[in-house]
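Reckoned from all heavy atoms, side chains included, excluding hydrogens, waters and symmetry mates.
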Amino acid sequence: MSIACCIPVVECVYCLACVRWAWRRCIYTAGYESENWGLATSEEFDPVPRLCRIILANYEDDLHNPIWEPPGGYGLDPDWMMVKKNHEHTGGRSSPYLIYIDHKNADVVLAIRGLNLAIESDYAVLLDNKLGQTKFCGGYVHNGLLKAAQWVFDTECGVLRELIEKNPNYRLTFAGHSLGAGIVALMTIYALQNRGRLGNIERKRIRCFAVAPPRCMSLNLAVRYADVINSVVLQDDFLPRTTMALEDVFKSLICFPCLLCIMCLKDTCTLEEKVLKDPRRLYAPGRLYHIVERRPLRIGRFPPIVRTAVPVDGRFEHMVLSCNATADHAIIWIERESQRAFDLMLANDRMMEIPGEQRMERKESLAREHSEEYEAALQRAVALDIPHAQASYGTFLDAEEGETSGGSSSGSFGKMRERLDSFVDRMFDVDEFGHMVFKKSVP
């Protein structure tokens with residue numbers, strides 16, 4: 001009798017707990033994730049709207065007669081288009097891409113478009129991955145995106161090298177959206193490991209802007225390469241927050257709100273310590289730029305602001321229950337809002353009437369701040385005991401990528417580490433729980 005009387009009480013407590021969880025999830029907005037980040041400046045955010053327009057140019061068959069140009073046009077010279085390949089040229093191994101030499105901004109740009117919902121090969125690239133399937137450069141990466149990145153780089157490295165050698169003061173920029181963002185992020189790491197094929201271009205001349213990227217690399221790689229890889233996320237975009245298998249996402253598009261609720265429940269019940277200790281878990285790459293344009297319990301869009309950081313924990317870990325989760329993933333909206341945010345930055349700079357000398361000083365100060373923030377992120381990753389994280393800054397990366405600035409000691413350390421990694425790969429496997437176990441048969 002007493003047990004039967006307790007059942008309604010237990011049910012009430014359970015219902016109250018569910019209501020509380022649902023309320024907290026419904027009022028959770030993407031702005032909370034970056035509320036403690038710093039504001040981006042016009043100097044660092046300047047390339048984003050322009051690169052979004054270059055990515056959009058992939059959708060045009062003829063840039064001389066554009067059909068889908070955004071307001072204000074693409075701002076591109078069709079004669080500066082060096083390479084443009086569609087699905088027929090790539091044979092399904094990658095999304096369509098182009099190579100554009102931007103003489104106005106001293107930039108050689110390789111831009112890859114996003115997923116085409118009507119092309120089966122794009123799905124094949126995105127879904128070609130299993131948890132912990134592929135190790136690369138001391139971490140785990142998305143298998144299908146890595147293969148696509150290697151194919152594009154191997155195909156076009158000759159063209160890129162020729163353009164770089166003809167224009168020695170130009171930067172090399174990789175840009176992509178959605179599926180293409182994951183490809184260019186991994187291509188950047190691959191290019192850094194093969195700079196000899198690009199005429200030994202300096203590391204500081206290589207950069208990447210991944211717009212609305214999927215989770216494509218483990219946390220140690222995402223932080224380590226934050227000095228060259230930048231991710232741009234518009235408010236509630238679902239893809240950088242998608243932690244479950246991507247095939248489950250596309251199988252569940254018919255009931256996407258149900259999927260969001262299930263993912264929110266799963267993320268809420270997963271301990272953060274367990275998440276950070278899993279070396280196979282993938283994350284959005286590099287430094288993050290978060291465009292925020294909506295506020296909690298408010299209707300409509302507000303003037304967008306851009307926040308930036310190199311976070312280690314709290315790196316877009318929770319899904320946002322929002323009707324804009326899919327709309328914020330569209331490259332058209334990202335281009336429009338990034339341009340609005342950049343125009344507001346320029347307007348604020350004009351109001352402050354910053355002299356040219358102080359603008360140069362601010363640019364140098366910004367570079368120092370980014371360097372310090374990057375170093376702090378590396379140290380925090382080690383402090384949180386992130387698998388394979390390294391606290392070294394600069395010299396470790398140089399040794400890893402074949403540079404000589406780190407001296408003989410750093411170079412020997414890099415070689416010793418490579419031999420150790422090779423030995424571990426031959427002797428051990430990672431089980432489904434993320435623990436290292438001996439291989440059943442060692443060659």
Side-chain angles (χ1 to χ4, degrees), residues 28-41 44-45 48 138-142 181-182 185 188-189 207-243 263-264 267-268 270-292 304-320 328 338 341 366-393 397:
Y28 181 86
T29 66
Y32 293 150
E33 297 169 318
S34 58
E35 60 182 351
N36 295 321
W37 298 3
L39 294 177
T41 63
E44 61 181 308
F45 198 70
V48 175
Y140 288 91
V141 297
H142 188 287
T188 302
I189 300 178
R207 63 180 177 178
C208 169
F209 284 89
V211 182
R215 291 174 167 244
C216 58
M217 62 181 67
S218 55
L219 185 55
N220 65 314
L221 294 180
V223 175
R224 184 193 305 174
Y225 289 96
D227 60 327
V228 289
I229 301 177
N230 308 278
S231 291
V232 182
V233 178
L234 175 60
Q235 189 92 13
D236 301 332
D237 188 356
F238 76 97
L239 192 58
R241 300 177 172 88
T242 303
T243 56
M263 293 176 65
C264 286
D267 291 343
T268 302
T270 303
L271 296 176
E272 185 176 3
E273 293 79 6
K274 182 179 179 181
V275 169
L276 293 175
K277 295 295 178 61
D278 187 354
R280 305 163 300 164
R281 185 181 175 93
L282 304 183
Y283 293 82
R287 169 176 286 275
L288 301 180
Y289 289 90
H290 192 200
I291 305 174
V292 181
I305 60 174
V306 183
R307 300 168 182 160
T308 181
V310 186
V312 179
D313 46 344
R315 197 179 181 89
F316 292 140
E317 290 305 306
H318 299 288
M319 290 296 297
V320 179
D328 285 349
S338 63
L366 177 66
R368 288 194 300 270
E369 290 175 2
H370 278 196
S371 177
E372 293 171 357
E373 188 177 8
Y374 172 46
E375 184 176 4
L378 289 172
Q379 294 174 352
R380 178 161 178 76
V382 174
L384 291 174
D385 198 21
I386 304 301
H388 310 301
Q390 295 286 338
S392 302
Y393 177 71
L397 294 173

To the nearest 0.5 angstrom, please state how far the CZ atom of Arg224 sits from the OG atom of Ser218.
8.0 Å
Looking only at non-hydrogen atoms, find the nearest pair between Asp236 and Asp328 and report the distance.
N-OD2, 3.0 Å
Of all heavy-atom pairs between Cys208 and Thr188, which one has the smallest distance, and what is that distance?
CB-OG1, 3.0 Å
Salt bridge present between Arg307 and Glu35 (N-O < 4.0 angstrom)
no
Only one of Thr308, Asn230, Val306 passes side-chain contact (heavy atoms from CB on, under 4.5 Å) with Glu44; say which it is.
Thr308
In terms of heavy-atom contacts, Pro214 and Gly182 come closest through CD-N, 3.7 Å
When rounded to the nearest 0.5 angstrom, what is the spacing between CG in Asp237 and CZ in Phe316?
8.5 Å
Just by modelled atom types, is the Leu282 backbone N or O under 3.5 Å from a matching donor or acceptor in the Arg215 side chain?
yes
Rounded distance (nearest 0.5 Å) linking atom OG of Ser371 with atom CG of Leu366
11.0 Å
Note: Met217 and Ile229 closest approach over all heavy atoms is CE-CD1, 4.2 Å
Begin with the C-alpha distance, continue with both residues' side-chain angles, and end with the deciding distance and a verdict on salt bridge (charged side-chain N to carboxylate O under 4.0 Å, His left out) for Glu373 and Arg287.
CA-CA 10 Å; Glu373 188 177 8; Arg287 169 176 286 275; 2.9 Å; yes
Looking only at heavy atoms, the pair that brings Ala284 and Ala222 closest together is O-CB, 3.7 Å
Do Ser338 and Phe45 have side chains that get closer than 4.5 Å, going by heavy atoms?
yes
Can you list the steps and then say if Val310 with Leu288 is a side chain to side chain contact (heavy atoms under 4.5 Å, CB included)?
CA-CA 6 Å; Val310 186; Leu288 301 180; over 6 Å; no
Cation-pi, Tyr140 ring and Arg280 (6.0 angstrom, 45 degrees):
no
Worked verdict on Ile291 versus Val233 for side chain to side chain contact (heavy atoms under 4.5 Å, CB included)
CA-CA 6 Å; Ile291 305 174; Val233 178; over 6 Å; no
Thr242 side chain vs Phe238 backbone, donor-acceptor pair below 3.5 Å
yes
Can you tell me how far apart OH (Tyr374) and OH (Tyr225) are? Round to the nearest 0.5 Å.
8.0 Å
Donor-acceptor contact present, side-chain His290 to main-chain Gln235, <3.5 Å
yes
Does the pair Val292 and Ser34 meet the rule for a side chain to side chain contact (heavy atoms under 4.5 Å, CB included), with working shown?
CA-CA 9 Å; Val292 181; Ser34 58; 4.0 Å; yes
I would like to know whether Arg380 and Asp313 meet salt bridge (charged side-chain N to carboxylate O under 4.0 Å, His left out); could you show each step before the answer?
CA-CA 9 Å; Arg380 178 161 178 76; Asp313 46 344; 2.7 Å; yes
Are side-chain heavy atoms of Cys216 and Pro285 found at a separation under 4.5 Å?
yes
